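What follows is a single structure, written as structure tokens, with notes after it.
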Amino acid sequence: MALVDELSQLKDETLAAIAAAGDTSALEQVRVGVLGKKGTLTGYLRSMGQVPKEERAAVGKAVNEVRVAVEQALEAGKASLEQAELSARMSAAAVDVTLPGRAQQIGSRHLITSIIEEVSEIFLGMGYSVVTGPEAETDYYNFEALNAPADHPSRGMQDTFYLVDRSGDISRVRGESDVLLRSQTSGVQVHTMEDRKPPIYVIAPGKVYRRDVADPSHLPQFHQIEGLVVDEGITFGDLKGTLDYLCKQIFGEDRRTRFRAHYFPFTEPSAEVDVSCGICHGEGCRFCKHTGWIEVLGCGMVDPNVYGFVGIDPEKYSGFAFGIGVERIAALKYNVPDLRMLLDGDMRFLRQF
Ligand code: DAH
């Protein structure tokens, strides 16, 4: 076959292959096969030297025509394949903007956390600072320095979780140690008076632990907010005014408070504070057991014996302390009928707050 015919056949075959290429990589294979270094058309160009002189012009022209035609077809094929591939990619990744969105679950603060924040804000507004202490505490801070005598019932094993000492120190009795899970936040008073000089105005929120079986009104782990003020000239009147303000802030301006004499080892005198019943407003109902009052916290003037443990001069300074149960506030303010609901993690309950 004459060279010119061979070339024309090559052209037809190549154009057919280009038309048949299903994607750009198949197209590229066709290009390499014809125009690449070892491509068929390149082979013809290389062997032009062997073509008889008189045919060379015609053959050269034919080669060139094939090259131009092939290049044009490649270009057109490439453009349309790329377009097709792009729209295939786009429809594969298509987003249906008409689908309804998936609602994000938005978390919220736990009721106990928000009560602690609310009470903290009230005291921050009065110039107090917020401090914390360790939950694993020594007997000294939880009881002894709080003037709790060694035989005080609150020290009994039925109340307090003691941590077992596994250090192998045989001098300890029955593996018990003097390290315990604090049964009250009052120990933070001692830490604070060790660490700071008066004037002291602090509150200390945190977890406390008692060996109680969980029931509607008890949890083995709950929260308290401790308060401590030590300054010159602090009186029981300051205590009353502060706690009356606190109760009104938490429960409402219409609530009244009363202070009932009580005993706590680390305060003298001590009192329990009752707030007027929010259901019957003091008339007496089932909720307040027909007394018109609901107990909310314990308080008192810091016992001079406690100052003795921390080296504060009771002649110069006086102060008051108080302790509130956070779960108790939750139960009273939000009518939580069973404290265990605070721990269940049932979103239908927790979302209400
Ligand atoms: N720590 C006491 C308790 O857990 C509560 C308390 C009472 C704290 C009187 C005080 C206080 O600071 O002055 O029952």
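These numbers come from a predicted model, not from an experiment. When a ligand or atom number is given, it counts from 1 through the structure's own listing order.
- Contact record, Val336 with Phe353: CG2-CZ, 4.4 Å, taken as the closest heavy-atom pair.
- For the residue pair Gln221 and Lys207, the shortest heavy atom distance occurs at NE2-CD, 3.4 Å.
- One N or O on the side chain of Glu226 and one on the backbone of Ser186 form a donor-acceptor pair closer than 3.5 Å.
- The aromatic ring centroids of Phe322 and Phe123 lie less than 6.0 Å from each other.
- In this structure, ligand 1 sits under 4.0 Å from heavy atoms belonging to Gln184, Ser186, Gln189, Arg210, Gln224, Glu226, Phe264, Phe266, Thr267, Gly298, Cys299, Gly300, Ala321, Phe322, Gly323.
- No more than 12 heavy-atom neighbours from other residues, nucleotides or ligands sit within 6.0 angstrom of CD on Glu75.
- Under a 4.5 Å side-chain heavy-atom criterion applied to ILVMFWY residues, the cluster that includes Leu146 comprises Val131, Tyr140, Tyr141, Val188, Val190, Met193, Ile200, Val202, Leu228, Val230, Phe264, Phe266, Val302, Val306, Tyr307, Phe309, Val310, Ile312, Tyr317 as well.
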